[in-house]
Amino acid sequence: RLAGLVRTRLQRALPLRQLFAAANVRALAAALEQAEVETIAPQRLSRAQRLPLSSAQRRLWFLQQLDAASPSYNMPGAWRIEGALDPAALREAFVRLLARHEALHSRVASDAGAPYALPDPQAALPWRELDLSALAPAQREAQLQQRLHASATAAFDLERELPLRVELIRLGADEHALLVCLHHIAADGASLGLLMAQANAAYRAALHGRSEDEDASRLHYADFADWQQRRLTPEREQGLLEYWRERLSGAPAVHSLALDYERPERPDHRGGHHAFALPATLVARLDVLARDCGVTAFMLLKSAFALVLARYSDNDDIVLGTPVSGRERAEFEHTIGFFANTLVLRETVERGRSLPESLRAGRAAYLADFDHQAQPFDTLVEALGLAGQGGPSPLFQILFAVHEDAAALELPDARLHPLDSGSGTAKFDLSLHLTRRDGALHGQFEFAAALLREDTVRSLGDSLAALLADLVERPDAPA
C-alpha cells in the first residue's frame with residue numbers, strides 16, 4: 001500500500017526491495033530520489049467507445065466460453081439477519097452500489113471473439129425477495145439451504161446478465177437471510193470488503209432518506225484496464241518475461257503431492273473444504289519471529305507451508321501461486337473490480353538449514369518476485385506456451401494466500417451471522433487461505449474432491465500447525 005501511495009502521490013516507482021532496505025526516513029528519501037519516474041498515469045476514457053477488459057477479465061471470459069455452466073468463479077456470501085430490518089432501504093443500498101461501480105453494472109459483449117465491457121448505468125438491480133415465514137421451521141430451513149445452494153452455484157451468463165445478484169429471504173417477523181453472489185470477473189477478495197463497508201454506509205443513508213455524494217469524474221475499473229495495457233509497453237513486458245522465464249526455468253510443471261485419486265481426464269471442479277485455526281498467542285510469536293528475520297509474516301507462513309508440502313511430496317522444489325492486490329494506484333483503492341493478479345512463487349526447501357536461515361537467504365529473491373508482479377498471469381502463461389493445453393492448471397496447482405479480515409456487513413439494530421454459502425467447487429488442486437481475525441489466523445483449505453480426501457487435507461493442516469508451534473519454540477532447528 002505504501003508503494004502505491006508513493007506511485008500516486010510522488011509519481012515514483014519504488015521497488016519493494018528498496019522499501020525493505022531503507023532503515024530510516026533519510027534512506028527512504030535517498031531511494032526516492034533514485035526511483036524511476038512514473039510517466040504513464042490512469043486517465044478517464046470516453047464512455048462513447050468500447051471499454052477494454054483487463055487481462056485477468058479476458059482470461060475469465062475465455063474460461064467461461066469453455067464451460068459456460070461452471071460456477072467455479074462465483075463469489076457467494078450469505079448472512080442470517082436477526083432484528084429490525086428495512087428491506088426497502090437495503091434494496092436501495094444495493095441499487096446505489098450497483099450504480100456507483102461500473103464493474104457491477106457492466107455486461108461483457110464480444111466482436112469477432114474480442115470481448116469488451118458494456119456498461120449500463122441505468123441497469124436494474126438483480127434483486128429477489130422470498131417469504132418463507134409461513135413454513136414450518138424444518139421446512140423453512142430446508143428451503144433456505146436450497147436457496148443458498150442455488151444462489152451460489154447458478155452460473156452467470158456474462159453477456160446477458162450483470163455480474164451481481166442479491167436475494168433477501170424473510171424467515172420470520174424479525175429474521176431474514178441475505179444472499180449475495182458476484183462473478184469474479186467484476187470483483188476480487190478486496191472488493192468483497194469494499195462492498196460490505198459501502199453497503200453499511202449506503203443502508204444507513206437510505207434508512208434516513210439521505211443521498212450520498214458521488215464524484216462523476218472519478219476513475220472506474222475500465223480506466224484501470226486501459227492504464228494496465230498502456231503501462232505494459234513492449235519493452236517493459238520483454239524485461240518482465242525475461243525475468244520470469246529465468247525464474248521458472250526447470251520448475252516442475254505439476255506438483256509432487258501424492259493424490260488420493262487418479263487425476264481425471266476431464267476437469268472436475270467439485271470441491272471440498274476443511275477449516276482450522278492458529279491461536280492468537282501463537283500468531284503473535286510468529287509475527288515477532290518474522291520481524292527478527294527481516295521478513296513479513298506472509299513470507300514466514302508461505303515458507304512454512306512450502307516445507308510441509310516438501311515433506312509430504314518428497315520434493316524440495318515447491319511452486320505456489322498467490323494473489324496480489326494489483327491496486328498499485330490510490331485512485332482505485334475504493335473501486336470494486338478484478339484488480340488482483342496471480343504471482344508464481346518458487347521456493348527451494350533446504351533441509352539442512354533452519355527456517356529463519358532460509359528466510360534470510362531467500363528474502364532478496366522473494367522481493368524480486370514481487371517487484372515483477374506487473375506481468376499479468378494470463379499473458380505469462382501464453383508467453384510460456386502453456387495456454388489451452390488442458391490438464392492441470394498451468395505453472396501451479398496449489399495456491400496460498402494470507403488475508404486481513406475484511407469489513408463485515410453491519411446493520412443498525414440487527415445481528416448478522418455468516419451462513420455457509422460455498423459453491424462446492426475448487427479452482428485448484430489445493431488452496432490454503434489464512435485470514436487474520438481478532439489476532440488469530442483462521443485457515444480454510446479448498447481442495448479438489450476428485451483428487452484428495454478430506455482426511456489428507458486435515459493432516460496437512462495439522463502438520464502446518466504443529467510445525468509453526470515448534471518453530472517458535474525451536475527456531476534454529478533444521479528443516
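Numbers for residues simply follow the sequence, beginning at 1.
- Heavy atoms only, all atoms of each residue included: Phe338 and Ser54 are closest at O-OG, 4.3 Å.
- Closest heavy-atom contact between Phe396 and Val344: CD2-CG2, 4.3 Å.
- For CZ of Arg210, the number of neighbouring non-hydrogen atoms (other residues, nucleotides, ligands) closer than 6.0 Å is greater than 12.
- Residue Gln49 places its CD atom among more than 12 non-hydrogen atoms of other residues, nucleotides or ligands, all under 6.0 Å distant.
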Kindly indicate, with the supporting measurements, whether the criterion ring-ring contact (aromatic ring centres under 6.0 Å, His included) is fulfilled by Phe445 and Phe276. CA-CA 8 Å; Phe445 276 108; Phe276 67 100; 5.6 Å; yes
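- The line from CG of Leu309 to OG of Ser256 is 10.5 Å long, rounded to the nearest 0.5 Å.
- None of Leu355, Val283, Leu441, Leu278 except one satisfies the side chain to side chain contact (heavy atoms under 4.5 Å, CB included) rule with Leu468; the exception is Leu278.
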Check the pair Leu164 / Val180 against side-chain contact (heavy atoms from CB on, under 4.5 Å), numbers first and verdict last. CA-CA 7 Å; Leu164 166 70; Val180 178; 4.0 Å; yes
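- Between Phe332 and Phe224, the ring-plane angle classifies as perpendicular under the 30° and 60° cut-offs.
- For the pair Arg165 and Phe156, the distance from NZ or CZ to the six-membered ring centre is under 6.0 Å and the angle to the ring normal is within 45 degrees.
- Arg346 and Asp369 are not joined by a salt bridge, as no carboxylate oxygen comes within less than 4.0 angstrom of a charged side-chain nitrogen.
- A 6.0 Å sphere centred on CG of Asp420 holds no more than 12 heavy atoms belonging to other residues, nucleotides or ligands.
- Counted within 6.0 Å of NE2 on His149, heavy atoms from surrounding residues, nucleotides or ligands total 12 or fewer; the atom is thus considered open.
- Between His403 and His433, the ring planes are parallel. Angles under 30° get that label, and only those over 60° would be called perpendicular.
- Listed here is the closest heavy atom pair of Pro264 and Leu451: CD-CD2, 3.8 Å.
- The aromatic rings of Phe298 and Tyr366 lie tilted to each other, with the angle between the two planes from 30° to 60°.
- The two residues Leu45 and Pro52 come nearest to each other via the heavy atoms CD1-CD, 3.7 Å.
- Between Ala123 and His105, the closest heavy-atom pair is CB-CB, 4.5 Å.
- Atoms CD and CD1, from Glu347 and Ile318 in turn, are 8.5 Å apart once rounded to the nearest 0.5 Å.
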Decide yes or no on side-chain hydrogen bond (donor to acceptor under 3.5 Å, both in side chains) for Gln198 and His101, but give the supporting numbers first. CA-CA 11 Å; Gln198 294 180 21; His101 294 284; 2.6 Å; yes
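- Here Arg107 contributes atom CZ and Arg160 contributes atom CZ; the two are 11.0 Å apart, rounded to the nearest 0.5 Å.
- Rounding to the nearest 0.5 angstrom, the gap separating the CG atom in Leu248 from the CG atom in Leu345 is 9.5 Å.
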Step by step, work out the side-chain hydrogen bond (donor to acceptor under 3.5 Å, both in side chains) result for Ser191 and Arg327. CA-CA 11 Å; Ser191 294; Arg327 296 171 190 264; 3.0 Å; yes
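- To the nearest 0.5 Å, the span separating CG on Leu399 from CG on Leu343 amounts to 11.0 Å.
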